[in-house]
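The structure appears right after this line, and notes come after that.
Because only heavy atoms are used, hydrogens play no part in the values below, and waters and symmetry mates are left out as well, while side chains stay in. Order of the sequence lines sets the chain letters (A, B, ...), proteins ahead of strands, with each chain counted from 1.
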Number of protein chains: 2
Amino acid sequence: MHTRALNTPTAMPVSFPRSERLAPGVANPALGGNACTRCRLRQRCLPTGLSEENLREFSTLIFSPRRVKAGQALYRAGDAFDAIYLVRRGFLKSIMLGEAGREQITGFHTEGDVVGIDAIGSERRTTEMVALEDSEVCGIPYARLEDMSRHIPALQRYLHRQLSEEIVRNHSMMFLLGTMRAEERLASFLLSLSERLTARGFSPSEFILRMTREEIGSFLGMKLETVSRAFSKFQREGMILVESKHVRLLDPEALQRLIGRQAQPQ
Amino acid sequence: MHTRALNTPTAMPVSFPRSERLAPGVANPALGGNACTRCRLRQRCLPTGLSEENLREFSTLIFSPRRVKAGQALYRAGDAFDAIYLVRRGFLKSIMLGEAGREQITGFHTEGDVVGIDAIGSERRTTEMVALEDSEVCGIPYARLEDMSRHIPALQRYLHRQLSEEIVRNHSMMFLLGTMRAEERLASFLLSLSERLTARGFSPSEFILRMTREEIGSFLGMKLETVSRAFSKFQREGMILVESKHVRLLDPEALQRLIGRQAQPQ
DNA sequence: ATAGTGCTTTGACGCAGATCAACCCTAGCA
DNA sequence: TGCTAGGGTTGATCTGCGTCAAAGCACTAT
C-alpha cells in the first residue's frame, strides 16, 4: 500500500500531512522533444490502436508544445478556429461570454485533456480558454487532422469519441445545473474532480484546487459565498477536510449519498 | 407582404386570429419515397455541397422513414447506439435520466433536426428520445455514415458541423441554466423557439407549443408554476399573447431587452 | 514592520422561486 | 350528461440561496 502523488509539486500548508509524490506511472519522467512517441502522456492523450506508422504520421501533425502562463489566454472568443489542443501540463478554464458582461465557466481542463474541440466545424471560437496556472499545450491544426482522419479510421474514431465525451459532459452539467441544489452540485463537483485526478494517477482523496471559490461558483451556477458555506458544512459533518485550496475527501460515499437521495416526493 | 404558416395544421382556439397556412418553401408538397432527392426537407436536412453522385450514394444510406407515435420512444437510455436520425416530421424531446428518479429534458427537436448524435463514439445511448406528437424520422446507420464520410469530405464536414452545433447549443444551455433568472430563461426560450421556427419557414411571432409547462420547466431548470407565472407576467406587460399552448410574440425586442439588461453591479 | 491586494469565511437579511393548495378548463368516455 | 384525468393558472407560505457587510489570512511590495 502506497500513497499516490498529489496533483501538485508545491509545498503543503503545514497543518496538513504531506503526501509523498511518486512518479506518475511512466518510468521516464524526463520529457523528450515534441515527438509524441516519447511523451510521458502518450498513454493518455494519443489515439489508441494506431499502428507504428500511423503514429509517426500523427506525430508530424503536432506543433511543438506551447507555453501559456497563468492568467494568459490560449485563445479568445472570436479568434479563428484553426487548431485543437492537447494539454500536456497545467490547468485551464474555458469561459463563455454573454451579453451584459455576464460570463460562465464551462469547464476545467488538465493534462491529457483535449481542449478547443467545441468550435469544430465553425469559423470562430465561441468560448475562451485561460490558464489558471502555467501550462503547456500541443496544438493540432484542425484542417490537417480532418484530412488525416479520412485515411486513418482509428484517428477518425478518436476524434468522434472526443466529441462525444464533450457532449456527454455537457449533458451532465446541464443536468447538474437544472436539477441539483447547491450542496449536491458541490459534492458532484468534488467527486468528479477526484475521478479525473485518479484517472491521471493522482491521489483520489486529496488534491489542490487550482481555481478560486468564485470560479467554482461560476462553473456550478452559484455564488462564491454559497460555495464557501457548502465547503464548511461538508467539513463540519466530517465528509471532507478543507483548508483554502487544499481538500481531502474523508467520506466520498457520504458525498455520493448526498447526491443520490432526495428524489421528488412519491 | 404575406403571413407565413403556423407550425401546425390543427384548428386554432376561436379567440385567436388564424394565420394563413402557406406551402413551406418547396413547390412539391407530395412526399416521395425515401429518396432524399425528392424529400421536401432536402434543402434543410442534407449536407450541402454534395455532388449529384455523392447525393445518390448518401441516399442509399438512409432507412425509410420510421414513425414514432406521440408518447413513444425512438430510443431509450441503454439502447445500443447504431444510428442517428433526421427528423422529417413532428416534435420530440430528449431526456436525461439521473439517480433517484430525477430527470431533465435536454432538448426539443423538430423537422430538419439531427437527433441522437450525442452518443456518437460510444456504445450505448445515455439519453432517451420521446415523441411529443406523432413524428417521422429517417435513420442513418452510424457505421456506414462513418465509412462514407471518409471518402466524401463534404459529408465529413457536415457531420462535424452537426456535432459542433450540438456542443454550442449545450454551452448556451449551460449558460442559461448557470446565469439567468426564471424570466430571462423563458424569454430566451421563446426567442430561440421563434428563431428555429422561422428558419423552417413558419411564422416568427406566432406558434403552438408542443410541450407542457412542466416540460418547459424541466428544460429550463424551473418548476411548472414558475413557468406559468412568467407567461402570465409577459402577457400582463404586453410582450406576448398566450392562451394555453398558443403563443404570439408581440414585442420580441422587449424580451430581448429583458435578457440583456441586469449586468452584475459594476 | 506596514500597507495593500486578492481570496476566503461567516453573519444578517431579503427575495426569487419552490412548495402546497385550490380551482378552472378541456377532452375523452361511459 | 356527468365523471375523470391531465394540464394550466393563481394565491399563500416557506426556504435556499443571493446580497451586503465585516473581518481574517496569506502574499507581495515598499
Side-chain angles (χ1 to χ4, degrees), chain A residues 10-16 70-71 93 102 104 132-133 176-187 208-236 240-247 258 262-266, chain B residues 10-16 70-71 93 102 104-105 132-133 176-187 189 208-236 240-247 258 262-266:
Chain A
T10 62
M12 296 295 99
V14 277
S15 61
F16 251 97
K93 62 176 175 180
R102 276 192 279 205
Q104 189 185 28
L132 292 180
E133 60 177 6
L176 178 148
L177 292 168
T179 71
M180 293 188 185
R181 50 188 56 225
E183 284 171 22
E184 295 169 331
R185 293 180 196 196
L186 187 65
I208 303 294
L209 299 171
R210 305 261 99 117
M211 69 299 277
T212 67
R213 301 288 188 263
E214 186 170 19
E215 285 163 335
I216 296 174
S218 169
F219 184 55
L220 298 178
M222 51 206 257
K223 292 292 158 183
L224 68 97
E225 293 94 331
T226 308
V227 174
S228 179
R229 279 184 240 272
F231 269 127
S232 301
K233 180 154 183 244
F234 289 173
Q235 168 145 273
R236 258 197 322 277
I240 66 173
L241 261 180
V242 53
E243 188 182 299
S244 185
K245 298 217 185 296
H246 190 155
V247 174
L258 190 143
Q262 230 153 351
Q264 59 272 55
Q266 63 265 29
Chain B
T10 61
M12 296 296 98
V14 277
S15 61
F16 251 97
K93 62 175 174 181
R102 276 192 278 205
Q104 190 186 28
I105 294 179
L132 292 180
E133 61 177 5
L176 179 147
L177 292 167
T179 72
M180 293 188 186
R181 49 189 56 225
E183 284 171 22
E184 294 170 332
R185 293 180 195 195
L186 187 64
F189 174 72
I208 304 293
L209 299 170
R210 305 261 98 119
M211 69 299 275
T212 67
R213 300 290 188 262
E214 186 170 18
E215 285 162 335
I216 296 174
S218 169
F219 184 55
L220 299 179
M222 51 207 255
K223 292 292 158 181
L224 69 95
E225 294 94 330
T226 308
V227 175
S228 179
R229 278 184 240 271
F231 269 127
S232 302
K233 179 152 183 245
F234 289 173
Q235 167 145 273
R236 256 194 327 275
I240 66 173
L241 261 180
V242 53
E243 189 182 298
S244 186
K245 297 216 187 297
H246 190 153
V247 174
L258 191 142
Q262 231 153 352
Q264 61 270 55
Q266 56 266 31

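Rounded to an integer number of Å, the gap from CG of A:Leu220 to P of D:dG18 is 11 Å. Distance CE (B:Met222) to P (C:dT19): 13 Å, rounded to an integer number of Å. Rounded to whole Å, atom P of D:dG8 lies 13 Å from atom CG of B:Leu186. Regarding B:Lys223, its NZ atom lies at a distance of 17 Å from the C1' atom of D:dT9, rounded to whole Å. Following rounding to the nearest Å, B:Lys233 (NZ) and C:dA16 (C1') show an atom-to-atom distance of 11 Å.
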List the atom pairs, donor and acceptor, that lie under 3.5 Å between side-chain atoms in residues 219-228 of chain A and the rest of the protein, sequence neighbours left out.
none

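Note on the helix from C:dA1-D:dT30 to C:dA30-D:dT1: terminal axis deviation equals 30°, with five pairs used at each end and the result rounded to 10°.
Residues B:Ile208 and B:Arg210 meet the side-chain proximity criterion, which asks for heavy atoms closer than 4.5 Å. Inter-residue side-chain proximity for A:Phe234 and A:Val247 is flagged as unmet; no heavy-atom pair is nearer than 4.5 Å.
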Counting primed atoms, P, OP1 and OP2 as sugar-phosphate and everything else as base, the B/S/- map of nucleotides 5-14 of chain C against protein heavy atoms under 4.0 Å is --SSBBBB--

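Atom CZ in A:Phe231 sits 4.0 Å away from atom CD1 in A:Ile216 (nearest 0.5 Å). Rounding to the nearest 0.5 Å places NE2 of B:His246 at 8.0 Å from CD of B:Glu243.
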Between the protein and nucleotides 14-16 of chain D, which nitrogen or oxygen pairs are less than 3.5 angstrom apart?
none

Evaluate the side chain to side chain contact (heavy atoms under 4.5 Å, CB included) criterion for residues B:Leu177 and B:Arg185: first the C-alpha distance (whole Å), next the side-chain angles of each, then the deciding distance (0.1 Å), finally the verdict.
CA-CA 8 Å; B:Leu177 292 167; B:Arg185 293 180 195 195; 3.9 Å; yes

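Remark: B:Thr212 engages B:Glu214, B:Glu215, B:Lys245 in a side-chain contact (heavy atoms from CB on, under 4.5 Å) (not counting sequence neighbours). Listed by chain and number, the residues in a side-chain contact (heavy atoms from CB on, under 4.5 Å) with A:Ala230 are A:Glu183, A:Leu186 (sequence neighbours excluded).
Listed for the A:Gln104 side chain is a donor-acceptor partner under 3.5 Å among the backbone atoms of A:Ser218.
Looking at every heavy atom in both residues, B:Val242 comes nearest to B:Arg213 through CG2-NH2, 3.8 Å.
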